[in-house]
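Reviewing the structure listed below.
Treat the numbers as computed from the prediction; the structure is a model and nothing was measured. In this chain, numbering begins with 1 at the start of the sequence shown.
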Amino acid sequence: MRTAELKVAQAFLPRSDRYAGADIMKMVESLNSEIHQTASIMADVFSPDLQGPGTVLGDGEVGLHEAAVHTEEILGEGMTKMLQTFNHQEENILLQIAFQASMCAFTEWIMDSWCYHDRDSEVEAVLQETYEQLRETEEQPVSARWRILTRKYVRKLYPRVEQPNLAYHILAACANILITSGLHESEQGLLERLAARFADRVALIVERAVHLNNVIGDDITSCEFVPIYCTPDVAFDPSTMENATENGSATAGHEAIFVHNENKILCTTDLGLLKAEKVHGEEGTWDNTVLLKPKIVMPSALTASPTSSESPDWRTQSLHGEQEEL
């Protein structure tokens, strides 16, 4: 009896983490790099096929309205409108940014998920709400052990979502971005083209995100590591975010387009990482450290008017902060 009791007690004793914060940072940076490279190549491949902004079809065209709706759900209204009016053949940086932001949104969901159900599914919601209550009241070793055991048995209760199915969501989002941006092709046709060219790259992105899900969920007990993804239109906070264009200002003499609030971000292009440590003996008190700031793009980094034939010197801020002249 005493042996059995000791075994139960030992299950909730603190154990060493399998990975350090620096290791997880490198994993997130590697994921961000793969997303950036994939988005860049994807923009180079498809931008020549896009029609000029003056030929973007109306909402009555089959599939266009649905594609724009799905794109807006992920990237927000401002980015969606930009995609519909930019001349992507002359400058494909906005297309690349849209691909990156979409991939970041989906990989953050993969890293955070309990069982890869939809973000708003009842299963995910109940598990997350239960864990949030538990982690606020119990000590870190207890809540961490609950997390690890729950994840173990949730996998047995629910069928495992295969990685190709996860990759489909990313490819479908990219197809909707392309249709929204003026590519006159069916979603199914685009999905086939995207899969033929980028299936391996997207599979690698999903694989790295799933690995991070396992590392963060199963191998860490002393603290919590949380991926940081900033949704469109949240206020820019320099203490927790990094401007991907460095200075983030619009080119002098040009007016930024679709800027409702210059302090609100347009999208996230690189995921960040937060380390949260529970303060012993204090309910709901945490020490939070941003180990890696998410990179964001401000609307003012993209200046008007790319569609105007009277503005041959239209410029944009590149993701590295240099000013590019078209």
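Contact detail for S47 and Q89: the closest heavy-atom pair is O-CG, 3.3 Å. In plain terms, the two heavy atoms of G76 and T80 that are nearest each other are O-OG1, 2.8 Å. The minimum heavy-atom distance between G284 and K278, with the atom names listed, is N-CE, 3.7 Å. Between K293 and P238, the shortest heavy-atom distance links the atoms NZ-O, 2.8 Å. In terms of heavy atoms, A244 sits closest to V297 at CB-CG2, 4.2 Å. Nearest heavy atom pair, residue S186 against residue I179, reads C-CD1, 4.4 Å.
Under the 4.5 Å side-chain contact rule for hydrophobic residues, V279 and V226 do not share a cluster. No chain of hydrophobic side-chain contacts below 4.5 Å, direct or via other Ile, Leu, Val, Met, Phe, Trp or Tyr residues, connects M42 to L204. Both F236 and V234 are part of a single hydrophobic cluster, where members link through side-chain heavy atoms under 4.5 Å apart. I216 and I110 fall within the same hydrophobic cluster, defined by Ile, Leu, Val, Met, Phe, Trp and Tyr side-chain heavy atoms under 4.5 Å apart, directly or through other members. W114 and V126 are assigned to two separate hydrophobic clusters, defined by single-linkage of ILVMFWY side chains at heavy-atom distances under 4.5 Å.
Distance check: M25 CE to L273 CG gives 7.5 Å after rounding to the nearest 0.5 Å. Taking CD1 of I205 as the reference point, atom CG of N32 lies at 10.0 Å (rounded to 0.5 Å). Taking CD of E108 as the start and CG of L271 as the end, the distance is 7.0 Å to the nearest 0.5 Å. Atom CG of D218 and atom CG of L149 lie 10.0 Å apart (nearest 0.5 Å). Atom OH in Y168 sits 13.0 Å away from atom CG in L166 (nearest 0.5 Å). For the atom pair OG1 of T180 and CD of E72, the computed distance is 9.5 Å after rounding to the nearest 0.5 Å.
Annotation: ring-ring contact (aromatic ring centres under 6.0 Å, His included) contacts involving residues 186-233, sequence neighbours excluded, are absent.
In this structure, R151 and I148 have side chains that are not in contact, with every pair of non-hydrogen atoms separated by 4.5 Å or more. With a 4.5 Å cut-off on side-chain heavy atoms, C174 and M103 count as touching. Residues V28 and P227 form no side-chain contact, since every pair of their non-hydrogen atoms from C-beta on lies 4.5 Å or further apart. Contact check for I24 versus L291: no side-chain heavy atoms found under the 4.5 Å cut-off. Contact annotation: the side chain of L194 never approaches that of V202 to less than 4.5 Å [non-hydrogen atoms, C-beta and beyond]. By the 4.5 Å heavy-atom criterion applied to side chains, L95 and F86 are not counted as neighbours. At a threshold of 4.5 Å between non-hydrogen side-chain atoms, the residues L266 and M82 count as touching. For the pair E124 and Q128, the minimum side-chain heavy-atom distance is 4.5 Å or more.
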Quiz prompt | Trace of the side-chain contact (heavy atoms from CB on, under 4.5 Å) decision for L178 with F99 | solution = CA-CA 9 Å; L178 287 166; F99 288 145; 3.7 Å; yes
Exercise. Go through E34 and R201 one step at a time and tell me if the salt bridge (Lys or Arg N to Asp or Glu O under 4.0 Å) criterion holds.
Key: CA-CA 8 Å; E34 190 62 38; R201 281 188 168 274; 3.0 Å; yes
Quiz item: So M79 and L94, side-chain contact (heavy atoms from CB on, under 4.5 Å) or not? Walk me through it.
Solution: CA-CA 9 Å; M79 173 66 87; L94 182 66; 3.5 Å; yes
Practice problem: Would you sort out whether E66 and N176 count as a side-chain contact (heavy atoms from CB on, under 4.5 Å), showing the intermediate values? | Solution: CA-CA 8 Å; E66 290 79 3; N176 285 323; over 6 Å; no
Quiz prompt | Stepwise side-chain contact (heavy atoms from CB on, under 4.5 Å) test for V290 and I228 | solution = CA-CA 9 Å; V290 177; I228 308 175; 4.2 Å; yes
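Looking at E139, its side chain never comes within 3.5 Å of a backbone N or O of P141 through a donor-acceptor pair. No donor-acceptor pair closer than 3.5 Å links the side chain of R208 to the backbone N or O of M27. With N288 contributing its side chain and A276 its backbone, the two residues share no donor-acceptor pair below 3.5 Å. Remark: the backbone N or O of S40 is not paired with any side-chain donor or acceptor of Q96 at under 3.5 angstrom. Using a distance-only test at 3.5 Å, with no hydrogens or angles considered, no donor-acceptor pair links the side chain of Q84 to the main chain of S181. Proximity of a side-chain donor or acceptor of T268 to a complementary backbone N or O of D270 within less than 3.5 Å is not detected. Counting only distance, with no hydrogens or angles, the side chain of D17 and the backbone of Y19 share no donor-acceptor pair below 3.5 Å.
Screening H88, R193, E185 against D49 for a side chain to side chain contact (heavy atoms under 4.5 Å, CB included) leaves a single residue, R193.
Other residues, nucleotides and ligands contribute at most 12 non-hydrogen atoms within 6.0 Å of the CZ atom of R18. Heavy atoms of other residues, nucleotides or ligands lying less than 6.0 angstrom from CD of Q37 number more than 12. No more than 12 heavy atoms of other residues, nucleotides or ligands sit less than 6.0 Å from atom NZ of K295.
Scored by the salt bridge (Lys or Arg N to Asp or Glu O under 4.0 Å) test, E132 finds R135 as partners (sequence neighbours excluded).
In this pair, W146 and Y131 present their aromatic rings parallel. The plane angle is below 30°, not in the 30 to 60° band.
Between D219 and N214, the side chains place no donor N or O within less than 3.5 Å of an acceptor N or O (distance only, hydrogens not considered).
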